[in-house]
Amino acid sequence: MTEQYLIPNQTLTIEEDIKHSRFITVLFHCSSEIALKCALTNLRAQYPGANHYCYAYVAADPSNSIAIGCSDDGEPAGSAGRPMLATLQGSDIGEIGAVVIRYFGGTKLGVGGLVRAYSSGIKSGLTQLTTETKYIRYRSSLICSYSQLNNIEYLINQFDGVIINKSFLAEIEIEFEIAKVFHQEFNRELATQTQGQLKAKFNV
């Protein structure tokens, strides 16, 4: 299973003129189909009157073959969306979306020319796109005293963890998510802070 992967941490725009047509490629972070549709709506408003708004996205880790999609938006079948998606899938970057906006300039490119044109901006953009590492978090839990709560919450935050639930009984049970890569170091730091009293349980 993928434990970590790269995701975009910026939105990047590449503009190209290819045989009098204007191609505007936008690459962005995309964690769902809904995020893709929101970006598409915004770009249609930002670039009104274009002939085509083709898109592709991989909304999970780079090897995911389910959370993906693409559209030719009126271009010949297979000439835009699929080559765009193939380029994204070959990038080893996850949670990435691409929209290519075309203002037709009067010269037909043919299917081969369209494939190259719709892939060109993405290929160029991928060499410039800045990324960050996303770690897959796993459900974890621990039990602490009321006096320890603030320090425990701070420690979870230091390791980029996310608290899911807290149950306030005689003691406090904290359910949280944290990346596997931090499990051992987290428990070492936890033991240091609590003189060996506490240890988190990790569900991996």
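What you see is a predicted model; the values in this text were computed from it and never measured.
Side-chain polar atoms of Thr130 and Gln10 form a donor-acceptor pair below 3.5 angstrom. No hydrogens or angles considered: nothing links the side chains of Asp73 and Ser71 as a donor-acceptor pair under 3.5 Å. For the 3.5 Å distance criterion, the side chains of Tyr138 and Glu3 qualify, holding a donor opposite an acceptor. Under the 3.5 Å distance criterion, with hydrogens and angles disregarded, a donor-acceptor pair is assigned to the side chains of Ser120 and Glu16. Of the N and O atoms on the side chains of Glu95 and Tyr57, not one donor lies less than 3.5 Å from an acceptor on the other residue. Side-chain contact, Gln197 with Gln148: a donor N or O sits under 3.5 Å from an acceptor N or O.
Arg44 forms a cation-pi arrangement with Tyr53, by the criterion of a distance under 6.0 Å to the ring centre and an angle within 45° of the ring axis.
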Can Tyr5 and Tyr135 be said to form a ring-ring contact (aromatic ring centres under 6.0 Å, His included), step by step? CA-CA 7 Å; Tyr5 53 90; Tyr135 296 97; 9.7 Å; no

Criterion side-chain contact (heavy atoms from CB on, under 4.5 Å) on Val162 and Arg137, from CA distance to verdict: CA-CA 9 Å; Val162 177; Arg137 296 187 182 99; 3.6 Å; yes

Intermediate values then yes/no, side-chain contact (heavy atoms from CB on, under 4.5 Å), Cys30 and Ile96: CA-CA 5 Å; Cys30 178; Ile96 184 170; 5.9 Å; no

Test side-chain contact (heavy atoms from CB on, under 4.5 Å) applied to Ile174 and Ser141, step by step: CA-CA 5 Å; Ile174 304 174; Ser141 64; over 6 Å; no

Pair Val26-Leu43, side-chain contact (heavy atoms from CB on, under 4.5 Å): steps then yes or no: CA-CA 9 Å; Val26 183; Leu43 289 169; 3.9 Å; yes

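Heavy-atom minimum distance, Leu114 versus Pro76: CD1-CD, 3.6 Å. In terms of heavy-atom proximity, Tyr118 sits nearest to Ser79 at CD1-O, 3.9 Å. In terms of heavy-atom proximity, Gly94 sits nearest to Pro8 at O-CD, 3.3 Å. When all heavy atoms of Leu198 and Cys144 are compared, the closest pair comes out as CD1-CB, 3.7 Å. The minimum heavy-atom distance linking Ala98 with Ile122 is given by the pair CB-CD1, 3.8 Å. Closest approach of Ser21 to Gly105, counting heavy atoms only: OG-N, 2.9 Å.
Between the CG atom of Leu129 and the CG atom of Leu126 there is a distance of 6.5 Å, given to the nearest 0.5 Å. Atom-to-atom distance recorded for Leu6:CG and Thr131:OG1 is 4.0 Å, nearest 0.5 angstrom. With rounding to the nearest 0.5 angstrom, the CD1 atom of Ile143 is 11.0 Å from the CD1 atom of Ile172. Taking CD of Glu189 as the start and OG1 of Thr192 as the end, the distance is 5.5 Å to the nearest 0.5 Å. The distance from the CG atom of Asn9 to the OG1 atom of Thr133 is 10.0 Å, given to the nearest 0.5 Å. Interatomic distance, Leu155 CG to Phe176 CZ, rounded to the nearest 0.5 Å: 8.0 Å.
Between Gln128 and Ile14 the shortest side-chain heavy-atom distance falls below 4.5 Å. Between Gln89 and Val58, the closest side-chain pair of non-hydrogen atoms falls below 4.5 Å. Considering only heavy atoms from C-beta on, Phe202 comes within 4.5 Å of Ile178 through its side chain. The shortest distance between side-chain heavy atoms of Lys123 and Thr87 falls below 4.5 Å. Two residues are said to be in side-chain contact when any heavy atoms from C-beta on lie closer than 4.5 Å; Glu75 and Cys54 meet this criterion. Side-chain contact between Tyr103 and Tyr47 is present, with heavy atoms from C-beta onward closer than 4.5 Å. When side chains are defined from C-beta on, Ile18 does not count as touching Arg102, because their heavy atoms never get closer than 4.5 Å. Using a 4.5 Å heavy-atom threshold, the side chains of Ile163 and Ile156 count as touching.
Residues Phe182 and Leu190 share a single hydrophobic cluster, defined by chaining ILVMFWY side chains whose heavy atoms lie under 4.5 Å apart. Cluster annotation: Met84 and Leu12 are assigned to the same hydrophobic cluster (Ile/Leu/Val/Met/Phe/Trp/Tyr, side-chain heavy-atom contacts under 4.5 Å, transitive). By the rule that hydrophobic residues join a cluster once side-chain heavy atoms approach within less than 4.5 Å of another member, Ile24 and Tyr55 end up as members of one cluster. A continuous path of ILVMFWY side-chain contacts below 4.5 Å connects Ile68 to Ile93, so both sit in one hydrophobic cluster. One hydrophobic cluster, built from ILVMFWY side chains closer than 4.5 Å, holds both Leu88 and Val100.
Here the side chain of Asn165 pairs no donor or acceptor atom with the backbone of Glu175 at under 3.5 angstrom. In this structure a side-chain-to-backbone donor-acceptor pair under 3.5 Å is missing from Asn187 to Lys199. Side-chain atoms of Asn51 come within 3.5 Å of backbone atoms of Phe104 as a donor-acceptor pair (strictly under, hydrogens ignored). With hydrogens and angles ignored, the 3.5 Å screen pairs a side-chain donor or acceptor of Asp61 with a backbone N or O of Ser63.
Taking the salt bridge (Lys or Arg N to Asp or Glu O under 4.0 Å) definition, one finds that Arg22 meets it with Glu15, sequence neighbours left out. By the side chain to side chain donor-acceptor pair (under 3.5 Å) test, Thr13 pairs with no residue at all, sequence neighbours left out.
The environment of CD in Glu132 is crowded: more than 12 heavy-atom neighbours from other residues, nucleotides or ligands sit within 6.0 Å. Heavy atoms from other residues, nucleotides or ligands lying under 6.0 Å from CZ of Arg116 number 12 at most.
Taking the six-membered ring for Trp and thresholds of 30 and 60 degrees, Tyr146 and Phe168 have ring planes inclined between 30 and 60 degrees apart.
Residue pairs meeting the salt bridge (Lys or Arg N to Asp or Glu O under 4.0 Å) criterion with at least one partner in residues 141-154, sequence neighbours excluded, are Glu153-Lys166.
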